[in-house]
Amino acid sequence: MTAFDEDDRTYGLLFDVRRSVRYHMRRRRFYEGWNTVTVALAVIGGSSAAGAFFSKLDDATWVPAVVAAVVAVVGAIDMAVGTARHASHHGDLARQFIWLEARFSHGRALSDDEHESLTTDRLRIEATEPPVLRLLDMLCYFETMRALGDPKPHRRVPRWRLFLAHILSQTEYALVLAKEVNAAHERT
């Protein structure tokens, strides 16, 4: 048994910091992946359009225009969303939470002053966060629970909801999952 087992507020704060690290790492990977796909489409599309243009195929005169339009639309969306900027921001947030987590390395319960200081630092970091996507946050909650050895299975989330977790908050569905988890823990 560790000191954290005896001190719920230390454990709760550490758990929330670890969940935040997972959340921002997932967000960073999402934006980096989106940016990679956009760049790949631009390179492939640009090459295809150039190839079709220079091959002088009479029956494929529409190909360069369509490919160029697709590349332009995807590139404009990428620039408007700012995937590289978002990836960098979420990477910075994850690093700040990791730094905060390192302050728990002593493995003992926090004093009142330490708890207040860490909570203040956590709130300072959270003040720079974009709005939280609730379903993604709940998925990170489940992941953190599993990482800490919680043997209780959690309901599987439909793939379409997973796909949209980085785009839409899905707050109502996340609340349903949270209620199910709370009910399962109360039964044990």
Side-chain angles (χ1 to χ4, degrees), residues 16-102 122 124-147 153-178 180-181:
D16 289 342
V17 167
R18 287 177 172 167
R19 185 181 74 218
S20 293
V21 169
R22 292 175 188 282
Y23 177 86
H24 290 293
M25 295 299 278
R26 280 184 175 218
R27 296 294 288 154
R28 189 196 83 215
R29 283 192 307 265
F30 170 76
Y31 284 118
E32 285 175 346
W34 185 349
N35 185 261
T36 299
V37 168
T38 301
V39 169
L41 283 175
V43 169
I44 292 167
S47 299
S48 298
F53 178 76
F54 290 115
S55 69
K56 298 180 184 178
L57 296 175
D58 291 331
D59 58 342
T61 56
W62 58 272
V63 172
V66 169
V67 172
V70 168
V71 169
V73 168
V74 170
I77 292 171
D78 185 56
M79 281 191 61
V81 170
T83 56
R85 180 176 39 82
H86 284 301
S88 175
H89 182 60
H90 284 287
D92 289 342
L93 289 167
R95 278 188 293 281
Q96 289 178 48
F97 279 113
I98 290 168
W99 172 82
L100 192 60
E101 182 181 357
R122 176 182 168 215
R124 180 189 50 76
I125 296 168
E126 287 178 351
T128 66
E129 288 181 312
V132 174
L133 298 171
R134 290 296 165 200
L135 179 57
L136 184 61
D137 187 50
M138 184 58 62
L139 295 172
C140 293
Y141 175 87
F142 293 158
E143 188 178 310
T144 306
M145 293 287 289
R146 282 190 303 274
H154 305 292
R155 180 157 56 115
R156 294 190 82 57
V157 177
R159 287 195 183 277
W160 70 270
R161 287 195 181 273
L162 293 174
F163 177 76
L164 293 175
H166 282 280
I167 300 167
L168 302 172
S169 187
Q170 304 180 65
T171 303
E172 295 80 21
Y173 185 74
L175 289 172
V176 168
L177 291 177
E180 288 178 5
V181 169

Which pairs of donor and acceptor atoms, one on a side chain in residues 38-45, lie under 3.5 Å apart (sequence neighbours left out)?
| from | atom 1 | to | atom 2 | distance (Å) |
| --- | --- | --- | --- | --- |
| T38 | OG1 | W34 | O | 2.9 |

Residue list, ring-ring contact (aromatic ring centres under 6.0 Å, His included) with F142, at least two apart or on another chain: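 Partners of F142 by the ring-ring contact (aromatic ring centres under 6.0 Å, His included) criterion, ordered by chain and then number, come out as H154.
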
How would you list all residue pairs meeting salt bridge (Lys or Arg N to Asp or Glu O under 4.0 Å) that involve residues 157-171, not counting sequence neighbours?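 Every candidate salt bridge (Lys or Arg N to Asp or Glu O under 4.0 Å) pair involving residues 157-171 fails, so no pair, neighbours aside, qualifies.
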
Provide the full list of salt bridge (Lys or Arg N to Asp or Glu O under 4.0 Å) pairs with a residue in residues 85-94, sequence neighbours left out, each pair given once.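 Pairs touching residues 85-94 that pass the test: D92-R95.
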
State which residues pass salt bridge (charged side-chain N to carboxylate O under 4.0 Å, His left out) with R134; sequence neighbours excluded, sorted by chain then number.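 Residues passing salt bridge (charged side-chain N to carboxylate O under 4.0 Å, His left out) with R134: D137.
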
Return the set of residues passing salt bridge (charged side-chain N to carboxylate O under 4.0 Å, His left out) with E180 (not counting sequence neighbours), or none when no residue passes.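 Result, salt bridge (charged side-chain N to carboxylate O under 4.0 Å, His left out) vs E180: R155.
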
Under the rule for side-chain contact (heavy atoms from CB on, under 4.5 Å), what residues qualify as partners of L162, not counting sequence neighbours?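 L162 satisfies side-chain contact (heavy atoms from CB on, under 4.5 Å) with L139, V157 only.
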
What residues form a side-chain contact (heavy atoms from CB on, under 4.5 Å) with E101, not counting sequence neighbours?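 E101 satisfies side-chain contact (heavy atoms from CB on, under 4.5 Å) with L14, V17, R18, V21 only.
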
Would you please name every residue forming a side-chain hydrogen bond (donor to acceptor under 3.5 Å, both in side chains) with [X], sequence neighbours left out?
{"X": "H90", "value": "H24"}
{"X": "Y23", "value": "none"}
{"X": "N35", "value": "D78, T83"}
{"X": "T171", "value": "S169"}

